[in-house]
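Numbers for residues simply follow the sequence, beginning at 1.
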Amino acid sequence: MGRTYYISPKGNDNNTGLSIHDAWKTIEKVNQVHFQPGDTILFESGGIWYGNLSPLGSGEQGKPITISSFGSGPMPTINIGKAAGTGIKLVDQSWWEIRGIEITSGAPPQLGVKREAISIMAKEGEVRGITIKDCYIHDIWGQLGGPAQSFMIYVGPANRRDRSAINRVNNILVENNKIERCDKAGIVVIGRNNIIVRRNYLENLGGDGIIVGGAYRGLIEYNVVDRTCLRIGDPDVPGSEKWWPHSAAVWIIWCEETIMQFNEVYNTGRQPRNGDGFAYDFDLGCRRCILQYNFSADNHGFLLIMNDTYGNIARYNISQNDQTHLIQMHGNVEDENLVHNNVFYVDHSTVDIDLYMGMEEMKDEDKAKLGAIFKNNIFYATGQGRFRIVYTYGEAWDRKFITKRLPSNLGGPIFRRNLYFGPWLNGLPDDPKRLVADPMFVAPGTGGRGLSTLDGYKLKPGSPCVDAGVSIEMDNRRDFYGNPINDGAIDIGVYEQPRFEKINRS
């Protein structure tokens, strides 16, 4: 049976810490103690502590060490101030739970100063069984790039580029945290097994929202990410020109069979040197991962598919007024990445389907293999909205566009049985089984905040999309709205009209 320790602004470090009336006072005292499995460390609600918390010890499976609060009122707060540092830091420690702690700084950014909220690192040992839940992280202005780039919640190898250490980070849950007004990234988890990032809210970040790296069958779901990538890539932000400026809202790298689902991403920014700004991204090394049942609105792109990816699927997602490069593809058709049964709605601006050829010296290489396969999608342009297919090359801030129509891919067209409504500036895609028609949405363009606001993308009776899709081998059997896909005929788009409606229609 573990012990419970109390920390209060009214306490005394000479106390035992084992009762509310015998509480410790400072985090420096907590940092001196080697805690045991099952121990609980409780900070008094409403209290404020300045500095960096780095307690010692590890828990055990079923007996974690817990950091939380006691009493009523606001969350206990750790304020890291203007110095470089981390609110809560653990190194080579396992089976910890951090719940209901507020972490802030409020100090203005300072070049070279790294500030983070929670950092749990595998340096030489393992990190297992970490839960970070119900925390509030805000107003921490760390560094946007370079060695001091700052992640508000980080769990992973101490050397963030050491892929050999990924297997030493397992059983990580980051859930129901709120992160706002911070630089650079919100949540970064680099680990292998049982990696879950769920129901977090992130807003006003200078760089990325959520990054998961190295996960096998990881899960990123029910997160809301609003106004990220606001400052990274801004040429007027002081710092090294060697900073990596490219960032996105929710993305995965080096992952296998990892799922991003039921997330909402809004208003992702894109400064001049940021070549990204997408809501979602299958990045380098992703294999057989899935993006499904997500909503994306008013971002600088819906999806990036990098090279060195294979067999990834984006299905049953809704993109509303994502701008710039709607989907950018760096890889080849032979990578077997598939984009099917999505809805892409635009009512203003020219939005590109972007086949990226690489740097300028690569622009004359064979373009006929570029892309992914598109099936059963709806491309809907109305008002002043337009689609376009482009080939691009060069640096993000000096990107060159080839807008003339090029020969079809050697392996056949990459567009196969999609529905098109509205203008395409350089002609409709080469899609031998295309439908050109009004899909008859209930109320297109009316999506608001939340997945429950998207009924406008259901189909009216008599829609040409019903039973019109090409067959796709799927391991999921539901549409965006939860309707089963079980009648042997797939509708085009994100809505599978229920069987009883089809029967009544006929």
Side-chain angles (χ1 to χ4, degrees), residues 1-71 73-81 83-105 115-137 140 152-156 158 168-169 171-174 177:
M1 185 72 177
R3 293 184 170 187
T4 298
Y5 296 88
Y6 298 85
I7 302 93
S8 168
K10 301 182 292 291
N12 188 312
D13 287 348
N14 293 322
N15 293 338
T16 65
L18 294 175
S19 72
I20 292 175
H21 301 293
D22 210 19
W24 293 329
K25 185 173 184 177
T26 70
I27 57 177
E28 287 75 21
K29 175 65 177 181
V30 180
N31 291 344
Q32 296 170 10
V33 177
H34 196 288
F35 294 95
Q36 301 300 313
D39 284 351
T40 301
I41 306 163
L42 300 180
F43 290 83
E44 185 172 10
S45 296
I48 301 175
W49 286 264
Y50 294 88
N52 310 113
L53 178 64
S54 52
L56 304 173
S58 285
E60 297 174 355
Q61 188 169 7
K63 295 182 179 180
I65 301 171
T66 300
I67 299 174
S68 189
S69 64
F70 73 92
M75 293 179 185
T77 299
I78 296 175
N79 190 319
I80 65 177
T86 303
I88 301 175
K89 184 175 182 179
L90 304 174
V91 179
D92 293 337
Q93 293 165 261
S94 295
W95 302 108
W96 281 78
E97 295 189 3
I98 302 170
R99 296 175 178 267
I101 303 295
E102 180 177 342
I103 305 174
T104 190
S105 162
R115 302 185 184 115
E116 298 182 317
I118 300 173
S119 181
I120 302 176
M121 300 185 297
K123 187 175 183 180
E124 297 177 354
E126 293 187 345
V127 166
R128 295 176 294 148
I130 301 297
T131 295
I132 303 170
K133 189 172 182 178
D134 302 326
C135 293
Y136 178 37
I137 296 165
I140 299 178
M152 294 305 106
I153 294 178
Y154 176 75
V155 184
R168 294 192 278 115
V169 180
N171 299 305
I172 310 300
L173 173 64
V174 181
N177 302 283

Separation between OG of S94 and CD1 of I120, rounded to the nearest 0.5 Å = 9.5 Å

key: Side chain W24, main chain N15, donor-acceptor under 3.5 Å   = yes

inquiry  = Please find the pair of heavy atoms, one from A158 and one from K123, that lie closest to each other, and give the distance.
reply    = CB-CA, 3.8 Å

message = For the OG1 atom of T104 and the CD1 atom of I137, what is their distance to the nearest 0.5 Å?
response = 10.0 Å

ask   = Is the backbone of K10 close enough, under 3.5 Å, to the side chain of S8 for a donor and an acceptor to pair up by distance?
value = yes

task = Mark yes or no for whether R3, through its side chain, and D39, through its backbone, hold a donor-acceptor pair below 3.5 Å.
result = no

query = Has the side chain of E126 got a donor or acceptor atom that lies under 3.5 Å from a matching backbone atom of R168?
reply = no

inquiry  = A side-chain contact here means heavy atoms from C-beta on lying under 4.5 Å apart; do W95 and K63 qualify?
reply    = no

request  = Name all residues meeting the ring-ring contact (aromatic ring centres under 6.0 Å, His included) criterion together with F70; count only those two or more places apart in sequence or in a different chain, and write none if there are none.
outcome  = Y6

query = Does any non-hydrogen side-chain atom of P55 lie less than 4.5 Å from one of I27?
reply = no

note = d(W96 CH2, T66 OG1) to nearest 0.5 Å is 9.0 Å

Nearest non-hydrogen partners of A83 and R115, listed with the distance = O-NE, 3.5 Å

Inter-residue atom distance K25.NZ - D13.CG, 0.5 Å rounding = 8.0 Å

query = Is any side-chain heavy atom of M75 less than 4.5 Å from a side-chain heavy atom of S69?
reply = no

key: Heavy-atom neighbours of Q61 CD exceed 12 at 6.0 Å   = no

request  = Let me know which of I7, I67, I118 forms a side chain to side chain contact (heavy atoms under 4.5 Å, CB included) with L53.
outcome  = I67

inquiry  = Quick one: does any side-chain atom of S119 pair with a main-chain N or O of K89 as donor and acceptor, under 3.5 Å?
reply    = no

task = Give the minimum heavy-atom separation between A117 and I140, together with the two atoms involved.
result = CB-CD1, 3.9 Å

key: Value rounded to 0.5 Å, distance of CZ in R99 from CG in N177   = 10.5 Å

inquiry  = Could you check whether any side-chain heavy atom of I103 comes within less than 4.5 Å of a side-chain heavy atom of C135, counting everything from C-beta outward?
reply    = no

ask   = When rounded to the nearest 0.5 angstrom, what is the spacing between CG in L56 and CD in Q32?
value = 9.5 Å

request  = Show your working on side chain to side chain contact (heavy atoms under 4.5 Å, CB included) between I132 and V155 and close with a plain yes or no.
outcome  = CA-CA 10 Å; I132 303 170; V155 184; 4.0 Å; yes

request  = Return yes if some donor-acceptor pair links the side-chain N/O of S105 with the main-chain N/O of G81 below 3.5 Å, else return no.
outcome  = yes

inquiry  = Using every non-hydrogen atom in the two residues, find where G125 and A122 come nearest and quote the distance to one decimal.
reply    = O-CB, 3.6 Å

query = If we only count heavy atoms from C-beta on, is the Y5 to L18 side-chain gap below 4.5 Å?
reply = yes

task = Determine the sole option in I88, N31, V30 for which the side chain to side chain contact (heavy atoms under 4.5 Å, CB included) test with S54 is passed.
result = N31

inquiry  = Has N52 got a side-chain atom pairing as donor or acceptor with T86's backbone, closer than 3.5 angstrom?
reply    = yes

query = Are there more than 12 heavy atoms of other residues, nucleotides or ligands under 6.0 Å from atom NZ of K29?
reply = yes

